[in-house]
Amino acid sequence: MKNTQDTELLFDLSRPGRRAARLPACDVPERPLSELLPSTALAQTPPNLPELSEPQVVRHFVNLSTQNMSVDTHFYPLGSCTMKYNPKRNERAASLPGLADLHPYQPDSTLQGILQILYELQEMLQEISGLAACSLQPAAGAHGELAALLVASAYFRDLGQKRSIVLVPDNAHGTNPASATMAGFQTVSIKTTSAGFVDMAELTAHLSEQVAVLMITNPSTLGLFEPNMRQIADQVHAVGGLVYLDGANMNAILGITRPGDFGADMQHYNPHKTFSGPHGGGGPGAGPICVTERLAPYLPVPLVVRQNEQDLQKNGDSPPVYRLDFSRPKSIGQVRAFFGNVGVLLRAYAYLRTHGPEGLRRVAENAVLNANYLLSRVKTMLPVPQGDRCMHEFVASAAQLKAEKNISAMDIAKRLLDYGFHAPTVYFPLTVAEAIMIEPTESEGKQTLDAFAEVLSHILQEDPQLLHDAPHTTSISRPDEVRAARHPILSHPEE
Ligand SMILES: *Cc1c(COP(=O)(O)O)cnc(C)c1O
C-alpha cells in the first residue's frame with residue numbers, strides 16, 4: 001500500500017488539541033482579548049486552522065517540495081525562460097544581515113551601502129544596454145514593459161503628439177500586446193516571414209505617425225537575431241516612433257552587442273532570467289528598464305542618484321553620497337513600493353560582479369554554443385524549421401510526428417518528465433506548429449546535453465501509447481491545467 005500520509009491535506013491530518021509547541025503556564029493575570037483589542041479587530045469565530053505536530057508540518061511541506069522539479073534537481077531546458085543555475089553565492093550575498101535586515105523607511109544616511117549597490121547596478125545595466133538611464137522599480141519583465149510604455153506615453157503627451165499604435169511582431173511573447181493594451185495603446189500585429197524575421201514590407205505598410213512604439217524581441221523567441229534590426233529601428237524613428245526591446249533574451253548577447261547601439265530607445269531586463277535570480281512559481285522577479293537620455297525624465301521614481309562633488313562640499317561634513325531622488329516632475333510616478341524587488345536585484349548585482357565584463361561575454365558565448373550543439377543533435381530527430389544556426393534557444397516542431405504517428409509536442413514534453421528532465425516550453429511561439437522550444441543555457445555541461453538528446457531520441461522510438469499516458473512516474477499525471485489555474489482548491493472542501 002502506498003503511504004500517502006505525508007502529502008495528505010493538513011486539514012485531514014489535523015486532530016483537535018495537537019500542537020507543535022506548548023507554552024509554559026501563564027504567570028501573569030490573564031485578560032480576555034476583547035479587553036485588549038477593539039471589537040472591529042476581532043473575528044466572530046476563531047480561524048479554522050489545522051492542529052498538527054511540528055514533524056507533520058515539516059514533512060508535509062518537504063515532501064511536497066520534492067515532487068516538484070527545480071534547477072537544483074533537474075535539467076530545465078525551458079525556452080524563453082533562461083532557467084540557468086542560480087549560484088549559491090548570490091543567495092549568501094543577498095542575505096547578508098547588513099542588506100537583508102534593512103528597512104526601506106530608514107533615512108538615506110543609514111542606507112548608503114545598499115544605495116551604492118543599487119546605484120552601481122543601474123550603471124551596469126545602462127552600460128550593458130547602451131542606454132543612458134535606468135529604473136530598478138518594476139517587479140517583473142511584463143511590469144517593465146508596462147512601465148516603459150507608460151514612459152513612452154508620457155513622452156509623447158509632453159511633445160503634444162497623439163500616437164495610439166504599438167506594433168508587435170506575431171512571434172512576440174504574449175506579455176507584449178497585453179502590456180500595450182494596459183498602457184492604453186492599440187496593438188497591431190506585424191507578420192513575420194517563414195524564415196522567422198520581421199516582414200519588411202509589412203512593417204513599412206504599418207508605419208505612420210500614429211505609431212508610438214515598435215516592441216521587438218531580439219534575439220527573437222525563435223532564437224534568431226533580426227538581420228534587419230538597424231533598418232527596422234531607423235524606419236520606426238523616421239516616423240517619430242520609439243523602439244522597445246524586450247530584453248528577455250539578453251542572455252544571448254551580453255557583452256557582444258547592445259540594444260542602444262542597434263537602435264532601441266528602451267528595454268527591460270529579466271534579472272531572474274539573465275542574471276540568475278531564482279524564478280518559477282510566480283516570482284519574485286524584477287524588471288528594471290533602461291531608456292535613452294530624452295526618455296529619462298519620465299522614468300518611475302525614485303531613482304538612486306549620486307550627489308555630485310559640488311553639492312557634497314556645499315552640504316558640509318560627510319552628507320549622504322547616495323540618495324533616492326523623488327523630485328522628478330515629469331516622472332510617471334511610482335510603479336512599485338519603495339525601490340523595487342531589492343532581493344532579486346541584489347542577486348543580479350552579485351552575479352554581475354562575479355562575472356565582470358569578460359565573464360558576461362563568455363556567458364553569452366557559451367549559452368549560444370550550448371544551444372547550437374543541442375540544435376545539431378535535435379534536428380536529426382525533429383525538424384527545426386528555422387534551424388541552420390541559433391542564438392540561445394531554438395524551436396523544433398513535432399507537426400510531422402503528429403501527422404504520422406499522432407505524437408504531439410505535449411506527449412514528448414510529458415514523457416521527458418519520466419526520465420528526469422523538465423519539459424521544454426511547448427506550443428510557443430504560436431508561429432511554429434507543435435512547437436518545442438529548447439534553451440539549455442550556459443550553465444549545463446556537454447554530459448547533460450548529450451543525456452537529454454539521447455533520451456529524446458529514445459522517447460521518439462517508444463510506443464506512442466506510452467507517450468499519450470505519460471508521465472508515469474509523477475504523483476499526478478495530466479491535470480486539467482486550465483481548471484487547475486482557474487479554480488484551484490485551496491481550502492478544505494467542508495469550509
Ligand atoms: C519571460 C518573458 C517576458 C515576461 O517576463 P516576466 O518577468 O515573466 O514578466 C516577456 N517577454 C519574453 C520574450 C519573455 O521570455
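We number each residue from 1, following the sequence as shown. If you're wondering where the values come from, they're calculated on a predicted model, not measured in any experiment. All values below come from the heavy atoms of this structure, side chains included, with hydrogens, waters and symmetry mates left out.
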Sort out for me which residue in Glu442, Lys273, Glu439 forms a side-chain hydrogen bond (donor to acceptor under 3.5 Å, both in side chains) with Thr82.
-> Glu439
Decide side-chain hydrogen bond (donor to acceptor under 3.5 Å, both in side chains) for Asp170 and Ser189; before the verdict, give the C-alpha distance in whole Å, the side-chain angles of both, and the deciding distance to 0.1 Å.
-> CA-CA 6 Å; Asp170 60 8; Ser189 177; 5.3 Å; no
Can you check whether Ala367's main-chain N or O pairs, donor with acceptor, with Asn251's side chain at less than 3.5 Å?
-> no
What's the shortest heavy-atom distance between Leu224 and Asn218, and which atoms?
-> O-OD1, 3.8 Å
Please list, chain by chain and in numerical order, all residues satisfying side chain to side chain contact (heavy atoms under 4.5 Å, CB included) with Ser331, sequence neighbours excluded.
-> Val301, Arg328
More than 12 foreign heavy atoms under 6.0 Å from CD of Gln106: is that the case here?
-> yes
For Arg362, does the CZ atom have more than 12 heavy-atom neighbours from other residues, nucleotides or ligands under 6.0 Å away?
-> no
His173 side chain to Thr221 backbone, donor-acceptor under 3.5 Å = no
Could you please spell out the steps behind the side-chain hydrogen bond (donor to acceptor under 3.5 Å, both in side chains) verdict for Glu120 and Gln116?
-> CA-CA 6 Å; Glu120 288 176 7; Gln116 180 175 357; 2.9 Å; yes
Under 4.0 Å between a Lys/Arg side-chain N and an Asp/Glu carboxylate O for Asp411 and Arg478?
-> yes
Would a 4.5 Å heavy-atom cut-off, applied to side chains only, mark Ile289 and Pro300 as touching?
-> yes
Selection residues 244-256 - residue pairs positive for salt bridge (charged side-chain N to carboxylate O under 4.0 Å, His left out), sequence neighbours left out | none
Please tell me if the side chains of Val432 and Met437 come closer than 4.5 Å, counting only heavy atoms from C-beta onward.
-> no
Ala399 and Glu434: which non-hydrogen atoms are nearest, and at how many Å?
-> N-CB, 3.5 Å
For Ser276 against Tyr351, the heavy-atom pair lying closest together = OG-CD1, 3.1 Å
With Ser14, which residues qualify under side chain to side chain contact (heavy atoms under 4.5 Å, CB included), at least two apart?
-> Pro50, Glu51
Between the main-chain N or O of Pro87 and the side-chain N or O of Glu91, is there a donor-acceptor pair closer than 3.5 Å?
-> no
Scan for salt bridge (charged side-chain N to carboxylate O under 4.0 Å, His left out) pairs involving residues 367-380, sequence neighbours excluded, and state none if there are none.
-> Arg377-Asp450, Arg377-Glu454
For residues 71-81, pull every pair meeting side-chain hydrogen bond (donor to acceptor under 3.5 Å, both in side chains), keeping only residues two or more places apart or in separate chains.
-> Ser70-Thr73, Asp72-Lys88, Tyr76-His422
Pair up each side-chain donor or acceptor in residues 141-149 with any protein partner under 3.5 Å, not counting sequence neighbours, and list the distances.
from, atom 1, to, atom 2, distance (Å)
His143, ND1, Ala139, N, 2.8
His143, NE2, Val335, O, 3.3
Glu145, OE1, Thr175, OG1, 3.4
Glu145, OE1, Asn176, N, 3.3
Glu145, OE1, Asn176, ND2, 3.3
Glu145, OE1, Ser179, OG, 2.8
Glu145, OE2, Thr175, OG1, 2.8
Glu145, OE2, Asn176, ND2, 3.1

Tyr349 vs Phe275, ring-ring contact (aromatic ring centres under 6.0 Å, His included): CA-CA, chis, key distance, verdict = CA-CA 8 Å; Tyr349 178 84; Phe275 305 131; over 10 Å; no
Val384 versus Val395, closest heavy-atom pair with distance = CG1-O, 3.4 Å
